[in-house]
Chemist: 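Pasting a structure below so you can have a look.
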Amino acid sequence: MATPVLEIKDLHVSIDGTPIINGLTLSVKGGEVHAIMGPNGTGKTSLAQTLMGHPHYTVTSGQVLLDGQDVLAMRTDQRARAGLFLAMQYPSEISGVTTANFLRTAINSLRAAQEEKPITLKEFRDRLDEAMRFLEMDLQFANRYLNEGFSGGEKKRNEILQMLMLRPRIAVLDEIDSGLDIDAVKVVAKGVHSLVGPEFGALVITHYQRILAYLKPDVVHIMMDGRIVKSGDKSLAEELETKGYDWVRSEFIHEV
Amino acid sequence: MAPMANATSTDQVRKFAAEQFADEPNWLRARRNRLVEVYLAAPLPVRQRTPLKSRKLDQIPIATVPGASDLPNDVQNLYQVANLITVNGQTMHIHVPPAWRDQGVILLSMKQAVNVAPQLLEEYLGTVVNDDVDKFQALNGALWQNGIFLYVPARVTLDHPITVAHFGSSNVSNVLPRSLLVLDQEARATIIEQYLSEPGPERSLWAIATEIVLKDGAQLQYGAMQQLAATAESFVRRGAQVGRDAHIYWNLGEFGSSLSIAEHTSLLEAPGGQSDSTTVFFGSGTQHQDYVSVAKHVAPHTTSRMVARGVMKDDSRSVFTGVTEIKKGAVGTDGRQKEKILMLSDTARADAIPSLLIEESDVFAAHAASAGPVDAAAIFYLMSRGLSEAEAIRMVVHGFLATAIDAIPVDVLRQNVWNAVERKIAE
Ligand SMILES: Nc1ncnc2c1ncn2[C@@H]1O[C@H](COP(=O)(O)OP(=O)(O)OP(=O)(O)O)[C@@H](O)[C@H]1O
Ligand SMILES: [Mg+2]
């Protein structure tokens, strides 16, 4: 499959009439890892949810294109079928549905959209075992109800498991590293790395430099007040960590 | 102007009862005749949240002789598995495993029991369910047609489930099944009653009763599946009298019928008796369902668990009332109930009403009830993985019902309930 390109062009988003994202432009291609950093409440999660089509967010203007196709015209499930994936900051708990059963259903939904046959139980089991071992997860998690009673860190690992199983083309990871111990951060970074290549790109939202040390992003964006105010290479993240957002404000925001 | 006449006149009912049951023993005929009068005089049952007057149930003819019919093709496979099949109240098929007969098990249709086991019938009929309690119960008591009669001798365990199917064809106006199950000391059995019907040009009235007697130490897994057609209006009453250290398990699936009024009661009258009750219901269209589940603790150290899970879609309406009644002297009793309802539409309505009536202080009683819509965040989450909205809802409904349905210990019944759920979701 061709290298994916996600383009966000001058995006404006509001919630209940309040503008949250104010003219954001960004593009991510296969093979690239982009990081977005920014203070609390600046609209990072809103961006991620908007990309996936959460009904709460209203796009007031701008465009989002995946391989030139209008993402904003698609339903959430169509976006997933087009290859978008969102690892959520707060994944839902689904009682009574095992992780394995859910994943198999999801894989088959994606396959059906490509007019492929459903995955065989054997192939599914093998792939699931492999992915879980790779992420150093207890195999029992597959039989537990999806996210129900999972710790914060277990939920994050489960998001990465889903990403490995569903093989998206562009993944948005919203604070996938928050609340993880250092070993778990390494595992998560390993998971993302295993996919990065011409057919996969990632947009990683984070507050911390430490996951970026493993992920080695090509581009780091700083987001404030609903827009990107500065982009640079990974040294920008290091600089931000030492100097803080006040530095960004005074250096890069020149409000009239 | 004369008021609109009932579909069936008083005299027709009396005449029907006299002719139809002429061959039955005197005690039974007397019982039926007395209940005919109760039926004629009694008011409609009263359910606070379910108005019955406006349904004009008296416009459905009763006391008619149902025509002969057969099972429709899609349930013909019941012939392979069922121990008893009744069609419009007539016995179509009965199968008693010879090994059970050798163990002294008495398995009959209720029609047969009238002649073959009249003493047992006379001893137990009407002792668990009070036929005088309301109009439709009295109707069943007066004119009941057929059902399963089971007697399991002391210490006998039936090695596989008994399956009963009650079927009503499209041209039948009323079906009145009645079953009586007696398990002697330490006997064990599993039984499933299914209620099925074809949609007809006219409405049909079903009045259903099942009585269960468990002697000391007996255990019964009782399952029921109600999947009547949308033209059926049903009234169901079940009761279990639970002996010392005996255990009744109720697994009830309620899916069909336009009106469904049902009640089941565990009478815990001897120490150590236990009741485990699970009701799964699923309303759609304009179905109106009103369920009452009662655990009546009379003796000390009795236990009850009551679980209800309901899913409501379209314009359906449900009421689930759980009653845990603890009488003075029932010390050391433990009664718990949990009702949860998932609303799939804004126009459906559901009430879950737990009620604890406690006269004794040295007891444990607890309840939890909730009704709420599908979690929008969960649907978004599932759709973000590629599931369509319909698939996502289906998955959430599955998950919601899983804990209740997967706990049903009888494989065939559990599978039946899942199948019924699938059909309802797809409707
Ligand atoms: N449902 C909502 N209704 C009203 N305001 C909202 C809603 N959701 C988010 N907001 C507001 O939108 C703004 C952006 O929130 P968002 O969650 O996108 O920030 P964030 O950058 O992800 O923050 P954090 O780093 O804390 O995760 C915040 O001011 C928040 O309060
Ligand atoms: Mg956020």
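Note that this is a predicted model, so its numbers are computed, not measured. In the text below, chain A, chain B and the rest are named by the order of the sequence lines, each starting its count at 1.
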Chemist: Could you check whether atom CZ of B:R188 has more than 12 heavy atoms from other residues, nucleotides or ligands sitting under 6.0 Å from it?
Modeler: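 No, CZ of B:R188 has 12 or fewer neighbouring heavy atoms, counting only those of other groups under 6.0 Å.
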Chemist: What distance do A:D77 atom CG and B:E389 atom CD have between them, rounded to the nearest 0.5 Å?
Modeler: 8.5 Å
Chemist: Between A:N108 and chain B, which part of the residue has a heavy atom less than 4.5 Å away: side chain, backbone, both or neither?
Modeler: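 Neither part; nothing is under 4.5 Å.
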Chemist: In this structure, are over 12 heavy atoms from other groups packed under 6.0 Å from B:E422 atom CD?
Modeler: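 It does: B:E422 CD has more than 12 such atoms within range.
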Chemist: Could you walk me through whether B:E391 and A:T105 pass side-chain hydrogen bond (donor to acceptor under 3.5 Å, both in side chains), step by step?
Modeler: CA-CA 9 Å; B:E391 284 175 318; A:T105 309; over 6 Å; no
Chemist: Got more than 12 heavy atoms from elsewhere within 6.0 Å of CG, A:D138?
Modeler: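 Yes, because the 6.0 Å sphere around CG of A:D138 holds more than 12 heavy atoms from other groups.
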Chemist: Nearest 0.5 Å, please: how far is OG in A:S95 from NZ in B:K340?
Modeler: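 Here the rounded value is 6.0 Å.
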Chemist: Measuring from B:M383:CE to A:Q78:CD, what's the distance to the nearest 0.5 Å?
Modeler: 8.0 Å
Chemist: With a 6.0 Å cut-off (strictly less than), is the heavy-atom count around NZ of A:K190, excluding the residue itself, greater than 12?
Modeler: yes
Chemist: Crowded around B:R349 CZ? As in, over 12 foreign heavy atoms under 6.0 Å?
Modeler: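 At most 12 heavy atoms, drawn from other residues, nucleotides or ligands, come within 6.0 Å of this atom.
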Chemist: Before you tell me yes or no, could you show the steps for A:I94 and B:L382 under side chain to side chain contact (heavy atoms under 4.5 Å, CB included), namely the whole-Å CA-CA distance, both residues' side-chain angles and the distance that decides it to 0.1 Å?
Modeler: CA-CA 9 Å; A:I94 315 284; B:L382 296 174; 4.2 Å; yes
Chemist: In Å, rounded to the nearest 0.5 Å, how long is the span from CZ of B:R385 to CD of A:E159?
Modeler: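 B:R385 atom CZ to A:E159 atom CD measures 4.5 Å (nearest 0.5 Å).
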Chemist: For A:R144, does the CZ atom have more than 12 heavy-atom neighbours from other residues, nucleotides or ligands under 6.0 Å away?
Modeler: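 Enclosed.
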Chemist: In terms of heavy-atom pairs under 4.5 Å, which option from A:V97, A:L84, A:T76 contacts chain B the most?
Modeler: A:T76
Chemist: Tell me which of these, B:A392, B:A402, B:A378, has more heavy-atom pairs under 4.5 Å with chain A than the rest.
Modeler: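 Result: the option with the highest number of such pairs is B:A378.
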Chemist: Once you round to the nearest 0.5 Å, how far does OH of B:Y381 lie from CD of A:Q162?
Modeler: 3.5 Å
Chemist: Measure A:L146 against the heavy atoms of chain B and call it side chain, backbone, both or neither at under 4.5 Å.
Modeler: side chain
Chemist: Assess whether side chain to side chain contact (heavy atoms under 4.5 Å, CB included) is satisfied between B:S384 and A:Q49, documenting all intermediate values.
Modeler: CA-CA 10 Å; B:S384 80; A:Q49 302 273 59; over 6 Å; no
Chemist: Is there side-chain contact between A:M52 and B:F380, with at least one heavy-atom pair below 4.5 Å?
Modeler: yes
Chemist: Which heavy atom of A:A80 sits nearest a heavy atom of B:G386, and at what distance?
Modeler: CB-N, 3.4 Å
Chemist: For A:Y145 and B:T403, run side chain to side chain contact (heavy atoms under 4.5 Å, CB included): C-alpha distance rounded to whole Å, both residues' side-chain angles, the deciding distance at 0.1 Å, then the answer.
Modeler: CA-CA 11 Å; A:Y145 293 153; B:T403 42; 4.2 Å; yes
Chemist: Crowded around B:K338 NZ? As in, over 12 foreign heavy atoms under 6.0 Å?
Modeler: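 At most 12 heavy atoms, drawn from other residues, nucleotides or ligands, come within 6.0 Å of this atom.
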